[in-house]
Amino acid sequence: MSLSRRNKPTSWGAALRRDFYKRDTPSVARDLVGKILLHRTRAGAAGGRIVEVEAYLGRMDPASHAYSGLTPRNSPMFGTPGKAYVYFTYGMHYCVNVVTEPEGIPGAILIRALEPLFGIPLMQRRRRTQRIQDLARGPARLTQALGISLKQNEADLTSGALFITDNGEQVPSLVVSGRIGIRKACELPLRFYLPDNPFVSRPGR
DNA sequence: GCTAGGATGCTCT
DNA sequence: GAGCATCCTAGCC
């Protein structure tokens with residue numbers, strides 16, 4: 001039975017601890033798939049199961065914001081693991097990452113897609129669509145559905161309104177592919193997603 | 001169904 | 001000033 005058909009839990013589980021994030025980025029990325037991302041706001045809580053992520057490394061990854069070294073924008077990538085790195089792109093969209101690796105070593109994981117589970121009416125209002133499948137399929141749609149903006153940049157995911165929990169679900173299998181939506185180093189196998197899941201943004205390459 | 005192109009403004013060189 | 005970890009819509013098949 002898929003998670004989406006289970007009863008809604010009466011309380012959220014505990015947020016993942018900092019040690020979870022303080023590891024090498026690809027390993028954290030693999031383990032993030034299947035976890036639950038939630039954002040509590042005054043308007044209500046919204047979130048769902050992470051079904052697609054991409055790992056971005058440090059100085060050795062040409063596609064990473066950290067490739068050229070520390071800048072004001074990418075400074076969260078060099079900071080405390082378990083915090084959020086939110087950036088603004090294409091003049092209108094936000095994307096949310098989780099910071100990985102021990103402090104001082106840049107690394108982040110872009111959360112690309114969620115399977116909506118909680119606060120669906122709220123997400124439908126924010127996204128101005130009724131289609132569940134289109135609520136959080138893609139990094140910019142996801143941030144819009146969850147009400148994430150630059151205010152959430154550097155938010156602590158281990159204790160706060162924006163957090164990730166483990167519902168104990170074991171992911172049966174995972175697809176590894178090249179990253180999408182980028183021009184550099186798109187061949188590196190750093191994208192992880194659930195196979196045959198309708199909430200994944202795009203098929204792999 | 002698919003594709004091309006426009007929107008929009010921050011960030012870095 | 002160029003590029004960008006995107007999305008939406010119109011137009012076409």
Side-chain angles (χ1 to χ4, degrees), chain A residues 21 24-26 28-30 32-33 37 39 46 48 50-79 81 83-101 105-116 123-155 157 162 164 175-194 196 198-205:
Chain A
Y21 302 100
D24 74 279
T25 307
V28 180
R30 282 179 168 276
L32 269 184
V33 178
L37 173 66
H39 189 206
I50 298 170
V51 299
E52 179 186 356
V53 300
E54 284 179 356
Y56 286 87
L57 313 179
R59 301 299 297 261
M60 73 297 287
D61 180 2
S64 171
H65 286 177
Y67 180 65
S68 301
L70 181 67
T71 66
R73 178 167 80 149
N74 69 21
S75 63
M77 286 185 72
F78 293 76
K83 290 201 170 187
Y85 167 41
V86 182
Y87 65 86
F88 185 65
T89 189
Y90 288 103
M92 62 188 88
H93 299 304
Y94 299 103
C95 294
V96 62
N97 297 248
V98 303
V99 176
T100 57
E101 307 279 354
I105 301 174
I109 296 161
L110 172 67
I111 304 187
R112 286 194 56 92
L114 291 185
E115 176 178 345
M123 289 194 271
Q124 287 171 323
R125 284 200 299 277
R126 284 172 172 156
R127 289 276 302 124
R128 297 179 188 176
T129 179
Q130 295 296 304
R131 281 176 59 89
I132 307 280
Q133 199 172 315
D134 287 344
L135 292 180
R137 189 170 55 96
R141 291 170 175 162
L142 182 158
T143 52
Q144 187 181 17
L146 266 57
I148 294 172
S149 69
L150 286 178
K151 290 178 189 168
Q152 279 70 45
N153 192 25
E154 299 194 78
L157 300 172
L162 179 64
I164 298 174
V175 181
V176 183
S177 80
R179 294 169 294 184
I180 59 178
I182 57 174
R183 301 186 188 189
K184 293 171 262 182
C186 47
E187 72 286 353
L188 295 177
L190 292 172
R191 179 174 178 240
F192 305 92
Y193 60 95
L194 292 178
D196 302 317
F199 301 96
V200 168
S201 63
R202 283 187 254 169
R205 287 187 295 213

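Below, read A as the first sequence line, B as the second, and so on, with proteins coming before strands; counting in each chain starts at 1. Values below: all heavy atoms of this structure, side chains included; hydrogens, waters and symmetry mates excluded.
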What contact category does A/A63 fall into here, base, sugar-phosphate, or nothing, at under 4.0 angstrom with non-hydrogen atoms?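 Since a base atom lies under 4.0 Å of A/A63, the category is base.
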d(CZ, A/R183; P, C/dA5) in whole Å: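 So the two atoms are 9 Å apart, to the nearest Å.
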Nearest 0.5 Å please: distance from the CZ atom of A/R125 over to the CD atom of A/Q130.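 CD of A/Q130 is found 10.5 Å from CZ of A/R125.
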Output the distance between atom CG (A/L37) and atom CD1 (A/I148), rounded to the nearest 0.5 Å.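 CD1 of A/I148 is found 5.5 Å from CG of A/L37.
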For A/Y67 and C/dG3, give me the distance from atom OH to atom P, rounded to whole Å.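 Distance, rounded to whole Å: 17 Å.
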So what does A/R127 hit on the nucleic acid, given a heavy-atom distance under 4.0 Å: a base, only sugar-phosphate, or nothing?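 Sugar-phosphate, no base atom in range.
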Report yes or no: do A/Q144 and A/R126 form a side-chain donor-acceptor pair below 3.5 Å?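 Their side chains do not contain a donor-acceptor pair, so the 3.5 Å distance test is not met.
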Suppose we define a pair by two distances each less than 3.5 Å, Watson-Crick or G-U wobble; what does C/dA10 pair with here?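 Answer to the pairing question: B/dT3, which forms a Watson-Crick or G-U pair with C/dA10.
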Over how many whole Å does the gap from A/N97 atom CG to C/dA5 atom C1' extend?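 Rounding to the nearest Å, CG of A/N97 and C1' of C/dA5 are 8 Å apart.
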Between atom CZ in A/R137 and atom C1' in C/dC8, what is the gap in whole Å?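 Answer to the nearest Å: 12 Å.
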Just the rounded figure in Å: distance from P of C/dA5 to CG of A/L188.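 It is 15 Å, rounded to the nearest whole Å.
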Check the pair A/I132, A/Q124 against side-chain contact (heavy atoms from CB on, under 4.5 Å), reporting the backbone distance first and the verdict last. CA-CA 8 Å; A/I132 307 280; A/Q124 287 171 323; 3.7 Å; yes
Can you tell me the distance, in whole Å, between the OH atom of A/Y87 and the P atom of C/dA5?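 My rounded result for the distance is 6 Å.
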Send over the distance from A/I111 CD1 to C/dT6 C1', rounded to a whole Å.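 Result: 17 Å.
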For A/Y56, run the side chain to side chain contact (heavy atoms under 4.5 Å, CB included) check against A/I182, A/L188, A/T25 and tell me which one passes.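 Result for side chain to side chain contact (heavy atoms under 4.5 Å, CB included) with A/Y56: A/I182.
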Could you measure the distance from the CZ atom of A/R179 to the SG atom of A/C186? Nearest 0.5 Å is fine.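 Going from CZ on A/R179 over to SG on A/C186, the span is 8.5 Å.
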For C/dA5, which nucleotide is its Watson-Crick or G-U wobble mate, given both distances must be under 3.5 Å?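 Check on C/dA5: unpaired, no WC or wobble geometry under 3.5 Å.
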If you pin A/K184 and A/D134 to their nearest nucleotides in DNA chain C, which one's is more 5'?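 The answer here is A/K184.
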Can you check each nucleotide of nucleotides 7-13 of chain B against protein heavy atoms at under 4.0 Å and return B for base, S for sugar-phosphate only, - for none, in 5' to 3' order? BBBSSSS
In whole angstroms, how far is the P atom of C/dC4 from the CG atom of A/L110?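 The distance from CG of A/L110 to P of C/dC4 comes to 16 Å, rounded to the nearest Å.
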In this structure, are over 12 heavy atoms from other groups packed under 6.0 Å from A/F88 atom CZ?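 It does: A/F88 CZ has more than 12 such atoms within range.
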Using heavy atoms to find the nearest nucleotide of DNA chain C for A/R141 and A/V96 separately, return the residue whose nucleotide is more 5′.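 The 5'-side residue here is A/V96.
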